[in-house]
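What you see below is based on every heavy atom in this structure, not just the backbone, and it leaves out hydrogens, waters and symmetry mates. Please read all numbers here as calculations on a predicted model, not as lab measurements.
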Amino acid sequence: MRVAIIENMAGTPHGQIGIALQEAAAEIHVIRAYAGDPLPEDADNHDALIVLGGEQNALDDVLYPYLPDLARLMKTFGDAGKAVLGVCLGSQLLARAYGGENILSGPPEFGWQDVSLTREGASDPLLAGQQQTFPIFQWHCDTFTLPPGATRLASNAMTQNQAFRIGRAAYGTQFHFEASTDVVDEWCRTFPVSVERMSPGWLENYGHHRGPRAQMANTAGLEIARAWIRLI
């Protein structure tokens, strides 16, 4: 199993996804697109594609001119029936690739927040093992409309499209299910100014936030990662 992981900024650990890939003995090819690493030309040399989050928006083509090619690459994998996973920015790029509208500067969502499965999500292979409503980590301002032909899998009051599938196994999750408490600890140390901007005062009460709900999110995130691996 050979998996390409596209990183869109420094400081984006693979977290729960990395654990699941290691358990599956996957061969991982990390591509730091933000640093100029070339994208794969096609889907021929990898069994699956993961696109992680980043500080840019999904239409930030001037500053990040590789973004249109990355969106096309995600569609190439998806159209070939190969497993695709877009997380946060990755989900926004997957929506862009399949004709969804990117909505910039929407309501911000940060921290461990609840999401709820749709009827379709409750029976989908990615999320079927989750509770109807479960906490998971969020860090985003932008969102998107559901692409034509896509199936909404999860939602909440703040963000209608929390997770979707298009085709056999192309998935986008607006939430950061890869973000274990260890990953969030690292983000708090590395990006304190950004955290404070997203949620003023959150860091001061971090010990409270990093409680039982965060542990529930840890479990959910690893289960979701393992479920996606099984689709490759």
Side-chain angles (χ1 to χ4, degrees), residues 1-8 11-30 46-54 82-91 94 109-118 120-140 153-156 159 161-165 168-191 206-232:
M1 180 192 305
R2 193 160 192 260
V3 180
I5 301 180
I6 311 299
E7 295 183 356
N8 289 297
T12 51
H14 304 161
Q16 307 289 49
I17 297 172
I19 291 172
L21 288 169
Q22 185 176 27
E23 291 174 347
E27 180 184 349
I28 300 171
H29 179 202
V30 177
H46 297 91
D47 301 302
L49 175 67
I50 297 169
V51 179
L52 298 176
K82 294 190 173 184
V84 179
L85 178 59
V87 178
C88 198
L89 173 62
S91 71
L94 184 63
E109 197 172 10
F110 184 82
W112 285 282
Q113 305 292 338
D114 284 344
V115 300
S116 297
L117 300 180
T118 64
E120 294 80 6
S123 61
D124 187 272
L126 186 73
L127 298 173
Q130 301 307 312
Q131 297 179 5
Q132 175 60 36
T133 298
F134 60 95
I136 206 76
F137 197 78
Q138 304 274 3
W139 188 341
H140 69 95
L153 303 177
S155 186
N156 71 5
T159 305
N161 297 312
Q162 286 285 354
F164 71 96
R165 185 195 74 249
R168 184 192 75 84
Y171 287 91
T173 68
Q174 183 59 76
F175 51 79
H176 284 277
F177 71 88
E178 87 285 10
S180 63
T181 47
D182 287 342
V183 168
V184 177
D185 288 348
E186 185 173 340
W187 282 346
C188 289
R189 289 190 296 268
T190 307
F191 307 114
Y206 184 51
H208 170 73
H209 298 305
R210 198 186 188 280
R213 283 169 48 79
Q215 299 305 317
M216 291 172 62
N218 277 0
T219 299
L222 186 54
E223 289 174 348
I224 294 168
R226 288 168 172 163
W228 183 78
I229 297 295
R230 291 193 291 269
L231 295 169
I232 297 177

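- Atom CD of Gln22 sits in a sparse spot, with 12 or fewer heavy atoms from other residues, nucleotides or ligands closer than 6.0 Å.
- Judged by distance alone, the side chain of Ser123 and the main-chain N or O of Glu120 form a donor-acceptor pair under 3.5 Å.
- Within the 4.5 Å cutoff, no side-chain heavy atoms of Asp47 are placed close to those of Val3.
- Checked by atom type and distance alone, the side chain of Arg226 never pairs as donor or acceptor with a backbone atom of Ile19 at under 3.5 Å.
- Taking all atoms of both residues into account, the shortest heavy-atom contact from Gly11 to Phe191 is O-CE1, 3.7 Å.
- A side-chain hydrogen bond (donor to acceptor under 3.5 Å, both in side chains) with His46 holds for exactly one of His29, Glu27, Lys82; it is His29.
- Leu94 has its side chain out of reach of Tyr171: every pair of non-hydrogen atoms, C-beta onward, lies at least 4.5 Å apart.
- In this structure the side chain of Pro125 never reaches within 4.5 angstrom of the side chain of Arg230, judged on heavy atoms.
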Just do the side-chain contact (heavy atoms from CB on, under 4.5 Å) check on Asp124 and Arg165 with the steps written out, would you?
-> CA-CA 9 Å; Asp124 187 272; Arg165 185 195 74 249; 2.3 Å; yes
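- The one candidate from Leu49, Thr12, Ile50 that meets the side-chain contact (heavy atoms from CB on, under 4.5 Å) condition with Ile5 is Ile50.
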Donor-acceptor pairs under 3.5 Å, side chain of residues 129-136 to any protein atom, not counting sequence neighbours: which ones?
residue, atom, partner, partner atom, Å
Gln130, NE2, Glu223, OE1, 2.9
Gln132, NE2, Leu117, O, 2.6
Thr133, OG1, Ser116, OG, 2.7

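- Side-chain contact of Thr159 with Glu109: a donor-acceptor pair under 3.5 Å is present, judged by distance alone.
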Kindly indicate, with the supporting measurements, whether the criterion side-chain contact (heavy atoms from CB on, under 4.5 Å) is fulfilled by Gln138 and Val115.
-> CA-CA 10 Å; Gln138 304 274 3; Val115 300; 3.5 Å; yes
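- Using a 4.5 Å cut-off on side-chain heavy atoms (C-beta onward), Thr173 and Ser91 make no contact.
- Residues Asn218 and Ser180 approach most closely at OD1-CA, 3.2 Å, considering heavy atoms.
- Contact record, Val183 with Glu178: CG2-O, 4.0 Å, taken as the closest heavy-atom pair.
- Residue pairs meeting the ring pair (Phe, Tyr, Trp, His ring centres under 6.0 Å) criterion with at least one member in residues 209-232, sequence neighbours excluded: Trp202-His209.
- The nearest pair of heavy atoms linking Asn8 to Gly53 is CB-O, 3.5 Å.
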Can Phe137 and Phe177 be said to form a ring pair (Phe, Tyr, Trp, His ring centres under 6.0 Å), step by step?
-> CA-CA 6 Å; Phe137 197 78; Phe177 71 88; over 10 Å; no
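- Within the 4.5 Å cutoff, the side chain of Gln174 has no heavy atoms near those of the Asn161 side chain.
- Contact of the Gln16 side chain with the Ile224 side chain is not registered, since no non-hydrogen atoms from C-beta on lie closer than 4.5 Å.
- Taking all atoms of both residues into account, the shortest heavy-atom contact from Ala83 to Leu231 is CB-O, 4.2 Å.
- Considering only heavy atoms from C-beta on, Glu7 comes within 4.5 Å of His14 through its side chain.
- Judged by distance alone, with hydrogens and angles left aside, the side-chain atoms of Trp112 form no donor-acceptor pair with the main-chain N or O of Pro212 at under 3.5 Å.
- In this structure, the side chains of Leu89 and Val51 stay at 4.5 Å or more apart for every pair of heavy atoms.
- Residues Ala154 and Thr118 share a closest heavy-atom pair of N-CG2, 4.0 Å.
- The backbone N or O of Gln162 lies less than 3.5 Å from no partner atom in the side chain of Asn156, so there is not a single donor-acceptor pair.
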